[in-house]
Amino acid sequence: MTEPLPPQYDPSVIEGPLYRRWEAAGRFGPRQGAGDPYVVMMPPPNVTAQLHMGHGLNNTVQDALVRFERMRGRRTLWLPGTDHAGIATQNVVERLLAAESLTRFDVGRDAFVQRVWSYVGTTGATILEQLRAIGASCDWSRTYFTLDAGLSTAVREAFVRLHEKGLVYRGHYIINWCPRCLTALSNEEAEKEEVDGRLYHLHYPLAVGGHLTVATTRPETMLGDTGVAVHPDDERYRALVGTEVLLPLVDRRVPIVADDAVDPSFGTGAVKMTPAHDATDFEIGKRHGLAAIDIFTPEARVAETAPERFRGLDRFEARKRVVAELETLGLMERIEEHRHAVGHCYRCGTIVEPRLSDQWFVRMGPLARPALAAYRDGRLRFIPERRGEEYAQWLGGIRDWCISRQLWWGHRIPVWYCDDPACGRVSVSRTDLTACPGCGGGVRQDEDVLDTWFSSWLVPFSSLGWPDRTADLATYYPGETLVTAPEILFFWVARMVMAGIEFMGEIPFSTVYLHGTVRDTQHRKMSKSLGNGIDPLDVVDRYGADALRFTILSGMAVGTDLILDPGDLESSFAAGRNFANKLWNAGRFVLSNLSGPVRPLAGGAADVVDRDELTLADRWIMARCDDTVREATDAYERYRLNDAAAATYRFLWSDLADWYIEQIKPRLYGDVPGGDVARAVAVAVFDVALRLLHPVMPFVTETLWGRIPGRPADATIMLGPWPRPDARAADPAALRDFGAVQELIGAIRAIRAEYGVQPGHPVRAIVTAMPAATHRAIDAERGTILRLARVSALTFAPTEERVGGHAVLADGTTLFVPLGDAIDVTRECRRLGDEVARLGTLIDGQKRKLDNTQFTSRAPGDVVERERLKLQSWTEQHGTLAQKRELLGC
RNA sequence: GGGCGAAUAGCUCAGCUGGUUCAGAGCGCCUGCCUUACAAGCAGGAUGUCGGGGGUUCGAAUCCCUCUUCGCCCACCA
């Protein structure tokens, strides 16, 4: 026998133990049996991450979808993991070292990597632990880490295969360099941001005499200039092409070249060429044989390739110095304000330095084409749809992917260089090499590691055992749904599609659901640095995981952001907590009233009893339940989780709790017959609704569902079954008829409230006209009406009585509630009289104000108009109250 | 510079592909109720020129045009 439930729901005593029970019972892994697999790959959080609202949102959405499909009988696998997050993790550990006044170079590569491992070992599982607190039902037994042996094998395999196909190459190009992280970045990792800059117009003296003006946003780079470019058709400069300028400050003669890439309409139409520090200049320089002089150290200080007096200056110091010297020399024509986009390191925010260096690249064109085709032919779809165009646009203009990073934490590039310059062989290998396959001499491995995303893009199959042909891989690849933030559409999603096609021959998922971002009320992204974050675990502590999930899911429509107020958790999360509590109490009530006879439950509510034993209210709640099954199922299928939550909320609170439970009380208490039917229907629809809500609020639904009598000990709502629509329950007539009853009760209650009838005081109700169907409905639910509206007598007849309230319902039913005997006429008259007097005074004053031409002529028109409207409104109220007084016979 | 969203109650937002539950929900606010499932509740109520302007239509929050304001993505005009 189960003990009675306390009247207030306390998630803190329910959620933790329940989660552990689920986990111990192995509920999170795919079920055995024949269902279709349903696979979701969790976007692996950074191994050092602490759970924030972004994770909360992302994982709640995934969990809801996964729980939905699991209940529908599919063999559901939600696969979790963590990402080694090269730059981010290395930065964290470097900061720890800095606290000891050490750099990674002080401790050395091996020791440093050891330190990162030990750091990751102690803190690495934190976020996965935290995901448990929000109810994430992922299969922990398959948890991976992107630096695991298995995934490392996959990374090498992918690298080697791509190299064999000529899709991986080493090249000397301009890349985005972060002078703080000291590594190359991909184009995606250099985030373009608009900044207010300046456009400097510099005079470059011409060898032939006179000068040429060039415009630049980065005057300091002139120390590395090796030419000036103009457009070939530009009449202004045609004669100068082939001549030289004398580069100031460095005293170098550099050529003037003509190239189509120059836009004659920008600046002066003449561009200084710095091939080592600008991608366009590099390309132009290559075409014209211009030298590339790297004038910066890795830290972006001026290097020894520049004149001595600039050396060691930071690039922005160098800019000031260059500008000052040019001004002194009279070579600065002018400086204008200029807003333009500048790349920033996505990990540390430092302005990236375009830099010429040797890096490894993936040739993306051949990978992008089939990935684009998958979208174009509809195999891959995006929710919201418009995101698909962003995907297509990016793939259409894709550039090669710089995958080498000058870091120590990550997958070391599987390339070995022969020590013997005479051999010079470069070997790409699946296994570590100790000797050169060409000459047998010594080898050294490439110092660099791979971009973190080079391991992430493989996870849809590497996490399942690839390159081995495991049973998991055969069963669970490809997956179906990917749920993630739009920020990593290019970093991760598009690349997974490409990798899936390239290595597995199939796209890794068919639907990409891109949800919004969590923001504060000023629409700023929640972030640690802004201090506007909400800690999901704090919310769980205070309101429970179900409340957190409910708020997240119902606050976020497809394609919109989730706005929360960090300063007011109560207003954000109270609704979810209140709902859980409401459910708890509805459940307590239903369950505690099952002591009487209950008809045996078969399948849905429609199986419970004979149709002719059902009251109008029974048929109504069953029809509403059936509607809700259809609505919620459809909403989940369409990723409209907010609609699913709202539909279920409406059914449980507004229909079941507010109406049906109230309606059946006399039957439950034995005051009228039919208790067994009422119990059966109540339990059946409650059961269905709990199942519909389970993906949103797993804890409270499981707890209540498990207490419904007759459950096997090991039953779990997690395995459903998902409720099916039942044609027998659909009942438009019941919906309409009980709706009329509800409206009638509401009208009587409104009249009571309006006239201040004492709550306990009964009133009479006289229905003076109505359609036949409504007449039957009112007859059928007469007892309900009498009880819920506190009506002593309900009659159908015309009436001569004048004192009271009347209402007309939507179907034309008219209602009169005599009030002479129900209200304290003296008191009500006094109240109304006071109010009329008060308004009268206000109206008199207002009339005087508006009659005063001093006011009406001098005050602004809108002010006068506002005062006029006030008068009008008060006058109307005055009239209404006077009419009421007359009706009451005051 | 190109592309794309959004603007509805004090706050956060629904209102979906074809123009008909149309002005909604939650929170907040006001009034009255501790009615034995629930005061984290119950009953009742107020608040909107659906961003501005124009158009199509019998009819527009919804479709078209335009303006304003926010936001996002992309971009090698230095």
Side-chain angles (χ1 to χ4, degrees), chain A residues 5 7-9 174 187 192 199-200 214-218 221 229 261-274 278-284 338 340-341 354 384 386-387 389-391 393-394 396-397 399 486-487 489-490 516-517 519 521-525 543 547 550-551 554-565 568 570-593 634-635 638 640 642-643 646 649-650 653-654 657-658 661-662 665 669 745-746 749-754 756-760 787-790 810:
Chain A
L5 302 171
Q8 197 166 81
Y9 178 59
I174 293 276
N187 295 320
K192 288 293 178 72
L199 191 60
Y200 301 82
V214 298
T216 180
T217 54
R218 300 197 58 199
T221 62
V262 177
D263 175 2
S265 66
F266 185 85
T268 61
V271 195
K272 58 188 273 314
M273 288 291 108
T274 320
D278 182 278
T280 310
D281 293 3
F282 177 73
E283 293 302 325
I284 295 174
H338 180 65
H340 62 135
R386 63 193 154 81
R387 294 285 180 180
E389 287 308 310
E390 278 175 31
Y391 168 90
Q393 194 188 347
W394 183 76
R399 286 176 288 166
E487 292 98 273
L489 179 58
F490 308 139
T517 306
R519 299 177 184 278
T521 47
Q522 295 166 60
H523 292 209
R524 298 175 308 178
K525 204 166 161 175
Y543 303 98
F550 181 80
T551 295
S554 49
M556 189 198 54
V558 168
T560 67
D561 287 336
L562 177 66
I563 312 289
L564 295 172
D565 184 354
D568 187 3
E570 188 72 14
S571 78
S572 300
F573 297 100
R577 177 203 51 192
N578 295 354
F579 184 37
N581 192 238
K582 183 72 182 180
L583 268 184
W584 183 253
N585 281 291
R588 280 202 318 140
F589 179 80
V590 171
L591 297 171
S592 68
N593 280 291
D634 179 64
R638 299 167 62 199
R640 300 179 66 97
N642 57 327
D643 286 346
Y649 180 97
R650 202 179 313 122
W653 198 316
S654 306
D658 287 350
I661 284 180
E662 292 307 324
K665 279 178 177 174
Y669 299 154
I745 292 170
R749 282 169 170 175
I751 289 168
R752 296 179 59 107
E754 192 186 351
V757 178
Q758 291 300 306
R787 200 158 39 84
L788 298 187
R790 297 242 177 202

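The chains referred to below are lettered A, B, ... by the order of the sequence lines, with proteins before strands, and numbering in each begins at 1.
Within the structure, every side-chain polar atom (N or O) of A:T560 is placed at least 4.0 Å from both OP1 and OP2 of B:G71. Between A:R399 and the phosphate of B:C76, there is a side-chain N or O to OP1/OP2 separation shorter than 4.0 Å.
Atom pair A:F266:CZ and B:A78:P shows a separation of 4 Å (rounding to whole Å applied). Between the CD atom of A:E570 and the P atom of B:A40 there is a distance of 10 Å, given to the nearest Å. Rounded to an integer number of Å, the gap from CG of A:D565 to P of B:C11 is 12 Å. Between A:N585 atom CG and B:G41 atom P there is a gap of 10 Å when expressed in whole angstrom units. The distance from atom CZ of A:R650 to atom C1' of B:G24 is 10 Å, rounded to the nearest whole Å. Per the geometry, CD1 belonging to A:I745 stands 11 Å off P belonging to B:A43, to the nearest Å.
Taking the six-membered ring for Trp and thresholds of 30 and 60 degrees, A:W394 and A:F490 have nearly parallel ring planes, at less than 30 degrees apart.
Looking at A:R588, its side chain has no donor and acceptor atom pair within 3.5 Å of the base of B:C38. Interface remark: the A:E662 side chain does form a donor-acceptor pair with the B:A37 base, using a distance-only criterion of under 3.5 Å.
Heavy atoms of A:Y669 sit under 4.0 angstrom from primed sugar atoms or phosphate atoms, though from no base atom. Contact annotation for A:K665: base contact, defined as any heavy-atom pair under 4.0 Å involving a base atom. Heavy atoms of A:N642 sit nowhere under 4.0 angstrom from any nucleic acid atom.
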Could you give me the CA-CA distance, side-chain angles and deciding distance for A:R588 and A:S592, then say whether side-chain contact (heavy atoms from CB on, under 4.5 Å) is met? CA-CA 6 Å; A:R588 280 202 318 140; A:S592 68; 5.6 Å; no

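Looking at A:L583 and A:Y9, their side chains never come closer than 4.5 Å, going by heavy atoms from C-beta outward. Contact annotation: the side chain of A:H340 never approaches that of A:L199 to less than 4.5 Å [non-hydrogen atoms, C-beta and beyond].
Using N1 to N3 plus N6-O4 or O6-N4 for Watson-Crick, or N1-O2 and O6-N3 for G-U wobble, each under 3.5 Å, B:G44 pairs with B:C30.
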